[in-house]
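Here is the structure we will look at, set down as structure tokens.
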Amino acid sequence: MWSVGAFNSITITPLSASFAVNKAPINTPTSLHLHYFSRPLRPLPSFSLSNHSSFGPQLSYKRTVSFRCSAALTPELKNTLDKVVTSHKVVLFMKGTRDFPQCGFSNTVVQILKSLNVPFETINILENELLRQGLKEYSSWPTFPQLYVEGEFFGGCDITVEAYKTGELQELLEKAMCS
């Protein structure tokens with residue numbers, strides 16, 4: 001069994017130890033399964049390619065649905081997050097703290113903000129699983145860190161780095177500090 005990727009995975013499962021791509025005898029039943037793991041509430045498709053001696057290759061499509069039992073973003077958590085992101089000009093939800101980032105991406109954004117001498121608040125999302133899951137729904141962004149400027153979601157590490165390189169981040173932060 002092989003897995004590729006994090007959210008969209010491909011699993012190839014041979015039915016016999018002698019399975020080889022393009023070398024399986026025509027009359028030998030083989031199966032190739034591709035699973036695309038997606039976010040909750042989306043269908044989880046499964047494809048099966050089968051070889052039958054009398055009918056030749058056939059493609060069948062099965063669809064299963066996964067459900068989330070409850071939403072992580074409760075009205076109370078949403079209100080709290082609204083207050084947090086609007087009470088400071090710059091807020092970074094990150095893994096770890098400003099002084100001890102526990103993720104390279106979080107560290108990168110912290111270093112950028114420090115280099116710009118911008119005052120910012122940090123919130124360690126590793127301390128609260130409900131907060132971490134709720135933030136993903138709140139921002140519609142699946143990864144961390146998450147940077148908020150003047151109450152608005154700005155982006156994660158890649159977007160912050162790119163905006164820093166182009167000067168867009170500096171411009172936005174200067175406006176935020178002046179308002």
Side-chain angles (χ1 to χ4, degrees), residues 1-11 33-46 62-165 168-177 179:
M1 174 186 267
W2 301 348
S3 266
V4 179
F7 290 104
N8 295 324
S9 296
I10 299 173
T11 303
H33 299 278
L34 304 175
H35 298 282
Y36 294 90
F37 298 102
S38 59
R39 295 186 184 117
L41 299 179
R42 290 190 181 172
L44 181 66
S46 175
K62 300 174 192 172
R63 203 169 177 97
T64 58
V65 179
S66 61
F67 293 97
R68 184 180 345 194
C69 293
S70 64
L73 185 62
T74 63
E76 296 81 15
L77 181 56
K78 183 183 180 320
N79 288 337
T80 301
L81 290 171
D82 285 340
K83 289 176 186 172
V84 169
V85 299
T86 57
S87 64
H88 304 282
K89 301 228 182 218
V90 181
V91 179
L92 180 64
F93 292 94
M94 61 179 286
K95 293 180 179 178
T97 65
R98 163 196 320 242
D99 297 324
F100 189 64
Q102 294 184 21
C103 154
F105 300 111
S106 294
N107 183 50
T108 298
V109 176
V110 166
Q111 295 308 315
I112 287 172
L113 294 174
K114 283 182 175 180
S115 75
L116 296 173
N117 293 319
V118 174
F120 63 99
E121 286 296 315
T122 61
I123 296 164
N124 183 358
I125 54 100
L126 295 176
E127 293 177 349
N128 187 319
E129 178 66 22
L130 182 62
L131 171 65
R132 183 167 61 219
Q133 294 307 318
L135 263 169
K136 291 177 183 182
E137 291 179 41
Y138 182 77
S139 63
S140 299
W141 194 260
T143 60
F144 293 95
Q146 293 184 7
L147 180 63
Y148 287 78
V149 178
E150 290 194 302
E152 296 292 322
F153 176 67
F154 181 77
C157 182
D158 291 344
I159 291 172
T160 303
V161 168
E162 186 61 32
Y164 176 72
K165 287 178 181 178
E168 177 188 349
L169 180 63
Q170 295 87 320
E171 187 179 310
L172 176 68
L173 292 173
E174 284 176 18
K175 288 179 185 174
M177 295 302 122
S179 64

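Not a single salt bridge (Lys or Arg N to Asp or Glu O under 4.0 Å) links E121 to another residue, sequence neighbours left out. Taking the side chain to side chain donor-acceptor pair (under 3.5 Å) definition, one finds that D82 meets it with K78, Y138, sequence neighbours left out. When the salt bridge (Lys or Arg N to Asp or Glu O under 4.0 Å) test is applied to K114, no partner is found at least two apart in sequence or on another chain. S179 pairs by the side chain to side chain contact (heavy atoms under 4.5 Å, CB included) definition with K89, E150, not counting sequence neighbours. With sequence neighbours left out, the salt bridge (Lys or Arg N to Asp or Glu O under 4.0 Å) criterion links R132 to E129.
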Mind running side-chain contact (heavy atoms from CB on, under 4.5 Å) on Y164 and Q170 for me, showing each step along the way?
-> CA-CA 7 Å; Y164 176 72; Q170 295 87 320; 3.5 Å; yes
Begin from the C-alpha positions of V90 and M177 and carry the test side-chain contact (heavy atoms from CB on, under 4.5 Å) through to its verdict.
-> CA-CA 9 Å; V90 181; M177 295 302 122; 3.7 Å; yes
Test log, rule side-chain contact (heavy atoms from CB on, under 4.5 Å), inputs L169 and L116 | CA-CA 10 Å; L169 180 63; L116 296 173; 4.1 Å; yes
Side chains of residues 105-112: which donor-acceptor pairs under 3.5 Å do they make with residues two or more places apart or in other chains?
| from | atom 1 | to | atom 2 | distance (Å) |
| --- | --- | --- | --- | --- |
| S106 | OG | K95 | N | 3.1 |
| N107 | OD1 | Q111 | NE2 | 3.3 |
| T108 | OG1 | G104 | O | 2.9 |

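With rounding to the nearest 0.5 Å, the separation of CD in E152 from CG in L147 is 12.0 Å. Rounded to the nearest 0.5 angstrom, N124 CG and R98 CZ are separated by 13.0 Å. Summarising the geometry, atom CG belonging to L92 is positioned 12.0 Å from atom CZ belonging to F154; distances are rounded to the nearest 0.5 Å. Remark: E168 CD to I159 CD1 distance equals 9.5 Å, nearest 0.5 Å. Between the CG atom in L73 and the CD atom in Q133 there is a gap of 11.0 Å [rounded to 0.5 Å]. Rounding to the nearest 0.5 Å gives a distance of 9.5 Å between OG1 of T80 and CG of L131.
Residue Q102 places its CD atom among more than 12 non-hydrogen atoms of other residues, nucleotides or ligands, all under 6.0 Å distant.
Listed here is the closest heavy atom pair of L77 and A72: CD2-O, 3.7 Å. Taking all atoms of both residues into account, the shortest heavy-atom contact from K136 to P142 is CE-O, 3.4 Å.
Between M94 and C103 the shortest side-chain heavy-atom distance does not fall below 4.5 Å.
The ring-ring contact (aromatic ring centres under 6.0 Å, His included) test with F93 is passed by exactly one of F153, F120, Y148: Y148.
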